[in-house]
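Only one structure is covered here, and it is reproduced in the block below.
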Amino acid sequence: MKRIIGATLSLVTAFSLTACGNSGSKAESFNYALNSDISSLDTSAVDDEGSIVVLKQSIEGLMVNDAKGNTIPGMAKKITKSKNGLTYTFTLRDAKWSNGDQVKAEDFVYAWQRIFKEAGSYEYMFGSSAANIKNADALSAKQEAGKKLTKKDLNSLGIKAKDDHTVVVNLEKKVAFFEQLMTFTCFRPIDASFAKKQGKSYGKSVKSFVSNGPFKVTSWTKGSKIVLAKNKDYYDANKVELDNLTIHLAQDAKSAASAFENGTVDLFHVDSSLVSKYKKKAGYFTYNTGFEYYLSLNLKNKALANKNIRYALSYAINKKDFADNILGDGSSAAKGFVLSDLANSPSGKEFRSQAGNWQTLSYNQQKAQEYLNKGLKELGKKSITLDVLYGSDEETMKQLATFVQSSLKKLKGVKINVTATVKEDRTGNKMPNGEYDIACTRWGPDYQDPTTFLNLLTKGNQNNFGKYDSKAYNKQMNIVKNSDNMTTRWNAMIKADQILSQDLPIIPVYEKAGAMMMNKDYTGFINKPVIGTIFKYVHKK
């Protein structure tokens with residue numbers, strides 16, 4: 001978070017920033033200090049924020065976002081939907097890759113199949129968890145059973161190239177937000193003929209990557225910076241006013257602030273230590289990152305399998321205090337697992353307000369101790385020892401782990417240790433292997449529907465690291481998955497959310513806001529949950 005619709009878009013708190021400043025000539029270059037590195041430029045392989053930021057500027061999918069964040073046709077110039085809502089036909093516009101190749105329908109087929117062939121992180125987005133592409137679940141099930149996918153298997157995926165300019169997509173079930181999903185990185189194309197020649201090196205260097213979006217990558221120094229130039233062959237090039245976009249990688253806030261002050265950086269992330277310095281200056285703004293930070297609880301741990309113990313841990317953590325006073329960047333205490341203002345019901349009512357706030361997330365030290373005493377008695381123990389895992393290379397995670405430790409230490413009968421690792425080890429090894437008690441983690445929405453969060457805790461979901469397994473919860477989520485009636489589906493999601501609030505298999509802590517400083521002479525920057533970061537419309541005033 002990962003980590004992402006029409007009628008609900010206006011409710012998402014975010015910014016398309018217009019800064020104040022003196023008028024000037026057209027911008028030629030823009031420098032952005034990104035607080036993370038990038039791993040690859042292969043859409044089938046990446047799931048990290050930095051790589052996705054770069055890919056969103058350099059690869060364009062069937063659908064894109066306009067300057068206001070609305071979903072509009074991208075590589076597709078025409079979209080036709082069947083009456084039953086199960087078949088989409090996308091007619092491609094005449095477009096080129098940065099090496100001169102024509103963008104073909106086969107490039108989409110190849111890219112989507114490649115996700116399955118390589119068992120990419122976003123494979124789940126194709127199945128019933130999101131897009132409901134025909135046979136996607138069957139392919140995933142075969143992989144999970146340890147079987148290798150054949151060419152015939154891959155060709156059964158519900159995407160076909162009718163001809164060079166026509167992509168046909170078949171769904172298992174109707175998806176109300178399908179067109180919005182098509183803006184997501186994993187659904188974007190790859191130049192098939194080029195990628196096949198590159199083999200395993202595709203996307204790992206400038207020479208092994210080509211673009212079809214607003215910008216093309218011209219140089220990449222790993223761990224340092226990546227430079228993009230305006231793609232003059234891009235069909236919508238007249239909307240792109242930046243000639244060059246330089247993204248400085250893995251920049252800590254203080255270094256980025258220093259670069260901003262000396263004029264070598266135009267945009268950077270302001271962390272909590274710098275908020276007081278910049279919050280009253282021109283060019284400062286806050287935004288909703290779309291990330292929910294929460295504690296994953298390993299329910300295979302006997303202590304954490306006890307609901308009273310889980311309640312005790314949650315009541316002992318003052319989530320509002322952490323958001324308001326430790327972070328102080330506009331973040332807010334979590335109200336549940338599904339983010340506030342993410343999605344609306346068929347009748348226009350916001351999900352969180354309908355489902356209600358989780359009372360189990362409130363702060364009450366007395367209740368915490370009472371639940372702990374009850375849980376310890378049920379376990380036949382006088383005390384328990386738990387370990388809190390976090391990634392030292394992840395923004396705010398150390399602060400969260402330290403706060404959790406200090407909060408839980410106030411309980412009589414709990415000993416808390418903290419273990420630091422790196423994100424790759426946390427998400428790739430320790431959590432999947434169940435080698436943790438409590439893990440500081442986060443999730444960002446891939447699309448504007450509550451299932452982008454709720455699906456994570458269903459039985460068998462690859463992100464259900466804590467192994468939560470509730471028959472009542474899974475029953476409601478099966479209704480969500482299989483119902484064609486939007487009201488029935490919505491009500492089942494509310495019931496599922498309320499089950500989570502009572503079972504508390506995870507402990508949501510806060511909804512992350514962010515703060516940034518941008519050169520006051522620029523405007524047009526877009527940074528929205530689900531949509532992400534867009535530089536296409538950035539220009540000098």
Side-chain angles (χ1 to χ4, degrees), residues 4-10 60-66 69-95 103-109 111-113 115-116 124-140 154-184 186-189 343-349 351 446-452 454-455 477-493 530:
I4 322 160
I5 300 209
T8 64
L9 192 58
S10 62
E60 184 168 295
L62 294 166
M63 308 296 290
V64 293
N65 299 106
D66 65 15
N70 300 311
T71 301
I72 61 172
M75 285 291 108
K77 65 179 180 180
K78 180 182 177 183
I79 304 104
T80 304
K81 182 169 66 171
S82 63
K83 288 184 179 180
N84 64 6
L86 299 180
T87 301
Y88 283 78
T89 301
F90 297 92
T91 303
L92 303 184
R93 64 179 78 249
D94 289 324
V103 176
K104 298 179 180 180
E106 182 60 32
D107 296 335
F108 288 91
V109 176
W112 289 22
Q113 290 184 356
I115 291 268
F116 285 85
Y124 74 92
M125 287 281 286
F126 290 77
S128 54
S129 292
N132 267 293
I133 307 297
K134 189 174 181 179
N135 289 327
D137 281 349
L139 296 182
S140 294
L154 293 173
N155 286 337
S156 72
L157 187 65
I159 179 172
K160 298 290 183 289
K162 185 176 179 180
D163 53 50
D164 283 352
H165 283 84
T166 311
V167 177
V168 180
V169 179
N170 290 304
L171 310 184
E172 298 276 6
K173 297 180 182 298
K174 289 190 295 185
V175 179
F177 45 90
F178 180 76
E179 289 183 19
Q180 193 276 335
L181 277 174
M182 292 301 98
T183 68
F184 200 74
C186 66
F187 296 107
R188 300 189 183 194
N344 281 7
S345 72
S347 62
K349 295 181 179 179
F351 181 83
D446 298 322
Y447 48 92
Q448 287 176 297
D449 186 78
T451 56
T452 191
L454 298 177
N455 282 335
M477 291 307 293
N478 279 330
I479 294 173
V480 174
K481 178 179 177 180
N482 296 308
S483 179
D484 286 331
N485 184 292
M486 292 298 103
T487 300
T488 299
R489 179 180 181 274
W490 185 265
N491 291 336
M493 287 191 288
V530 182

Q: May I have the step-by-step check of side-chain contact (heavy atoms from CB on, under 4.5 Å) for Val169 and Ile133, ending in yes or no?
A: CA-CA 7 Å; Val169 179; Ile133 307 297; 3.7 Å; yes
Drop me the distance from [X]'s [atom1] to [Y]'s [atom2], to the nearest 0.5 angstrom.
X	Y	atom1	atom2	answer
Tyr88	Glu179	OH	CD	5.5 Å
Thr87	Asn170	OG1	CG	4.0 Å
Met63	Met182	CE	CE	9.5 Å
Leu171	Asn135	CG	CG	11.5 Å
Lys173	Lys134	NZ	NZ	13.0 Å
Met493	Asn455	CE	CG	9.5 Å

**Q.** Parallel, tilted or perpendicular: ring planes of Phe116 versus Phe126, cut at 30 and 60 degrees
**A.** perpendicular
Q. In terms of ring plane angle, is the pair Trp112 and Phe187 parallel, tilted or perpendicular, where the classes change at 30° and 60°?
A. perpendicular
Does a side chain donor of either [X] or [Y] reach within less than 3.5 Å of an acceptor in the other side chain?
X	Y	answer
Asn155	Gln113	yes
Asp163	Thr166	yes
Ser82	Asn84	yes

[X] versus [Y], closest heavy-atom pair with distance:
X	Y	answer
Asp137	Ser128	OD2-OG, 2.7 Å
Gln180	Thr71	CG-OG1, 3.6 Å
Thr488	Ile479	CG2-CG2, 4.0 Å
Trp490	Ala343	CH2-O, 3.8 Å
Val103	Leu92	O-CD1, 4.1 Å
Pro346	Thr487	CG-N, 4.1 Å

**Q.** Ring centroid separation Phe108 to Phe90 under 6.0 Å
**A.** no
Q.
Centroid separation under 6.0 Å, is that true for the rings of Phe184 and Tyr447?
A. no
Side chains of [X] and [Y]: does their closest heavy-atom pair fall under 4.5 Å?
X	Y	result
Val167	Val109	no
Leu139	Ser156	yes
Asn70	Asn65	no
Lys174	Leu86	yes

Q. Thinking salt bridges, do Asp107 and Arg188 make one under a 4.0 Å N-O criterion?
A. no
(Q) Strictly distance-based, threshold 3.5 Å: is any side-chain N or O of Ser129 a donor or acceptor partner for the main-chain N or O of Met125? (A) no
Q: Verify, without hydrogens or angle tests, whether Thr451 (side chain) and Leu454 (backbone) share a donor-acceptor contact under 3.5 angstrom.
A: no
